[in-house]
Amino acid sequence: MAPRGRHFGLIVNERSGRVAELGAAAVVDAVKTALSAGDLRVETVDEQGPAAAFDRLVAGGVDAVLIAGGDGTARAVAQRAIEADVAIAPLPGGTMNLLARRLYGDGDLAAVLARLVDARAGTFPVGLVDAEPFFLSVMFGSAYALATARESARDG
């Protein structure tokens, strides 16, 4: 993910579990340090959502985007990245981090960033459900109930 010539962007969802714990500034600093990306462009998720943050980065010339947020943030960006043909790397920034765990194992942010330094971009097949990309399998049982309760509490 860190070859020369890449123009990196970082989407930060400050409301995501792990990002909120660490603080957005600490996440940005960790990414800059790990990737030696002095020209890193950063967008935070605002009321327009993660896809709009992605669009702003791509309009600014970014060709690889790291996503510091949870599975919902990663999913919204991944759908847009398919359309734009832009490389993405979800980071473990959420509460459950199902996608990041599937890609990298149970490493924390520092461990994942260390692995991304020498990573190469690749493509993954994506299934469609009702013409929409499907990235994560359906969650059952207590994990789903906990996630639903957390999101309800977060939204008031």
Side-chain angles (χ1 to χ4, degrees), residues 1-3 5-32 34-35 37 39-104 107 109 112-113 115-116 119-139 143-144 146-156:
M1 188 79 186
R6 283 266 190 216
H7 300 285
F8 288 100
L10 172 65
I11 295 174
V12 180
N13 188 341
E14 297 172 309
R15 292 183 55 186
S16 294
R18 189 70 180 134
V19 173
E21 289 173 21
L22 294 171
V27 171
V28 172
D29 288 344
V31 171
K32 281 184 177 180
L35 299 181
D39 64 345
L40 180 73
R41 290 188 48 128
V42 178
E43 286 285 342
T44 56
V45 175
D46 58 18
E47 65 279 348
Q48 295 176 338
F54 175 83
D55 291 343
R56 291 189 297 268
L57 287 173
V58 172
V62 166
D63 62 3
V65 175
L66 292 97
I67 308 158
D71 294 317
T73 304
R75 188 236 185 265
V77 172
Q79 182 170 353
R80 196 65 119 231
I82 290 170
E83 299 162 1
D85 195 27
V86 171
I88 61 168
L91 302 174
T95 302
M96 295 172 45
N97 301 309
L98 298 175
L99 184 55
R101 284 184 179 165
R102 180 73 174 136
L103 292 171
Y104 317 114
L109 180 60
V112 169
L113 287 170
R115 290 184 65 191
L116 287 175
R120 292 178 301 172
T123 58
F124 295 92
V126 175
L128 298 177
V129 174
D130 289 333
E132 290 288 323
F134 186 74
F135 300 102
L136 301 173
S137 32
V138 177
M139 296 175 5
Y144 177 77
L146 290 172
T148 302
R150 181 196 72 230
E151 293 300 318
S152 295
R154 185 184 334 200
D155 292 338

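None of the values given here were measured: they were computed from a predicted structure.
Nearest heavy-atom pair, A34 versus L113, reported as atom, atom and distance to 0.1 Å: CB-CB, 3.6 Å. Here the closest non-hydrogen pair linking N97 and G69 is OD1-O, 4.1 Å. Heavy atoms only, all atoms of each residue included: A30 and L109 are closest at CB-CD2, 4.1 Å. The minimum heavy-atom distance between R41 and R56, with the atom names listed, is NH2-O, 3.9 Å. Considering every non-hydrogen atom in both A76 and A51, the closest pair reads O-CB, 4.4 Å. Between G17 and T95, the shortest heavy-atom distance links the atoms CA-OG1, 3.5 Å.
Here the straight-line distance linking atom CD of E43 with atom CG of L57 works out to 5.0 Å at 0.5 Å rounding. Within the model, atoms CZ of R75 and CG of L98 stand 14.0 Å from one another, a figure rounded to the nearest 0.5 Å. To the nearest 0.5 Å, atom OG of residue S16 and atom CD of residue E21 are 11.0 Å apart.
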Review item, side-chain donor-acceptor pairs of residues 80-90, under 3.5 Å, at least two apart:
unit_1, atom_1, unit_2, atom_2, d
R80, NE, D55, OD1, 2.8
R80, NE, D55, OD2, 3.1
R80, NH2, D55, OD2, 2.8

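Just one of T44, V65, L91, V42 meets the side-chain contact (heavy atoms from CB on, under 4.5 Å) condition when paired with I11; it is V65.
Side-chain contact between V19 and N13 is absent, with no heavy-atom pair separated by less than 4.5 Å. A heavy-atom distance below 4.5 Å is not found between the side chains of F54 and I67. Looking at heavy atoms from C-beta onward, V112 lies out of side-chain contact with L103 at the 4.5 angstrom threshold.
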